[in-house]
Amino acid sequence: MLTSKERAQLRAQANTLETTLIVGKGGVTDGVIAEAENILTARELVKGKVLEGAMMTPREVSDAICEATGAEGVAVIGTKFVIYRFSEKCQQERNQSGRAKRKTVSAAKADPVRKGIRARRHAAKMQREERNQYFRQQAIEKAIERSREKQLRGED
């Protein structure tokens, strides 16, 4: 299952792709599924188009191909759709070229903006706690001072 960030990243990659899979009036046939399998194995990401003569919507076509190939639907916009399936072949090519994918990145390193926000919130929280501690201490000192004054007045 793809996360929303992975899905957004794949949509961005698909913007520059050419349409490689076309579904015509025959719908999702064995030939279309076989071609989708080949492209998914070679590229991982497939951009397809459903022609007007097809009796299926792009969403239905995308779901049918995903179900048949084990892929995941990334996006459906208008008559075009994008599907993704991880490919060991592509992973090996990336490893050989030094562009390995699928490295786990901690959340702090993945998003420097979020890291900065967390740091500022933590600093503000510490400042509030120091201020509250100061005022608590002042209130305790005032209470002790008042009780001493009452004792002194009571003795007079």
Side-chain angles (χ1 to χ4, degrees), residues 1-23 33 36-50 56-156:
M1 189 75 184
L2 294 172
T3 65
S4 60
K5 285 189 177 188
E6 290 172 334
R7 194 177 309 278
Q9 211 171 26
L10 291 171
R11 272 197 315 266
Q13 289 176 9
N15 282 338
T16 59
L17 285 180
E18 293 294 321
T19 303
T20 54
L21 186 66
I22 297 176
V23 179
I33 292 172
E37 283 279 348
N38 291 338
I39 298 171
L40 284 168
T41 303
R43 297 189 184 177
E44 290 186 340
L45 198 60
V46 175
K47 189 174 191 179
K49 181 177 180 178
V50 179
M56 299 174 77
T57 65
R59 172 71 62 190
E60 291 170 343
V61 170
S62 174
D63 291 343
I65 293 173
C66 288
E67 188 177 317
T69 60
E72 294 192 52
V74 175
V76 177
I77 299 173
T79 60
K80 297 191 178 183
F81 61 92
V82 179
I83 57 177
Y84 169 82
R85 183 180 70 191
F86 178 73
S87 171
E88 287 294 330
K89 179 182 175 186
C90 289
Q91 180 64 33
Q92 290 172 358
E93 289 174 7
R94 280 192 295 269
N95 287 341
Q96 289 174 354
S97 67
R99 298 180 322 158
K101 196 178 178 183
R102 297 229 177 202
K103 289 184 181 176
T104 57
V105 178
S106 67
K109 289 183 180 178
D111 192 359
V113 173
R114 184 174 289 165
K115 185 177 180 182
I117 290 170
R118 279 193 210 123
R120 286 190 295 278
R121 284 182 182 164
H122 181 70
K125 181 179 178 183
M126 297 305 290
Q127 188 178 18
R128 281 192 308 271
E129 287 176 3
E130 287 178 17
R131 188 174 51 234
N132 289 342
Q133 181 65 29
Y134 170 79
F135 285 119
R136 274 190 218 108
Q137 189 63 34
Q138 291 297 317
I140 291 170
E141 289 175 7
K142 289 286 185 180
I144 291 171
E145 188 178 319
R146 280 193 299 263
S147 67
R148 284 186 187 156
E149 287 177 4
K150 283 184 182 179
Q151 286 177 352
L152 289 175
R153 276 188 248 144
E155 291 179 2
D156 288 341

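One-based numbering along the sequence shown.
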For E18 and K47, the nearest pair of non-hydrogen atoms, with its separation, is O-CB, 3.9 Å
Grab the two heavy atoms, one from L21 and one from A36, that are nearest each other, plus how far apart they are. CD2-CB, 3.9 Å
Not counting sequence neighbours, which residues clear salt bridge (Lys or Arg N to Asp or Glu O under 4.0 Å) with R85? List them please. E37
Which atom pairs, one a donor and one an acceptor, fall under 3.5 Å between side chains of residues 67-83 and the rest of the protein, sequence neighbours left out?
from, atom 1, to, atom 2, distance (Å)
T69, OG1, I65, O, 2.7
T69, OG1, A71, N, 3.4
E72, OE1, L2, N, 3.1
E72, OE2, M1, N, 3.3

Residues M56 and V61: closest non-hydrogen pair is CB-CG2, 3.7 Å
How far does OH of Y84 sit from CD of E44, to the nearest 0.5 angstrom? 4.5 Å
If you define the side chain from C-beta out and look only at heavy atoms, does anything of T57 sit under 4.5 Å from V50? no
Contacts satisfying salt bridge (charged side-chain N to carboxylate O under 4.0 Å, His left out) that involve residues 127-145 (not counting sequence neighbours) are none
So, taking the atom named CZ in R118 and the one named NZ in K125, what distance separates them when rounded to the nearest 0.5 Å? 13.5 Å
Please give me the minimum heavy-atom distance between E6 and T3, naming the atom from each residue. OE1-N, 3.0 Å
Whether over 12 other heavy atoms sit under 6.0 Å from R7 CZ: yes
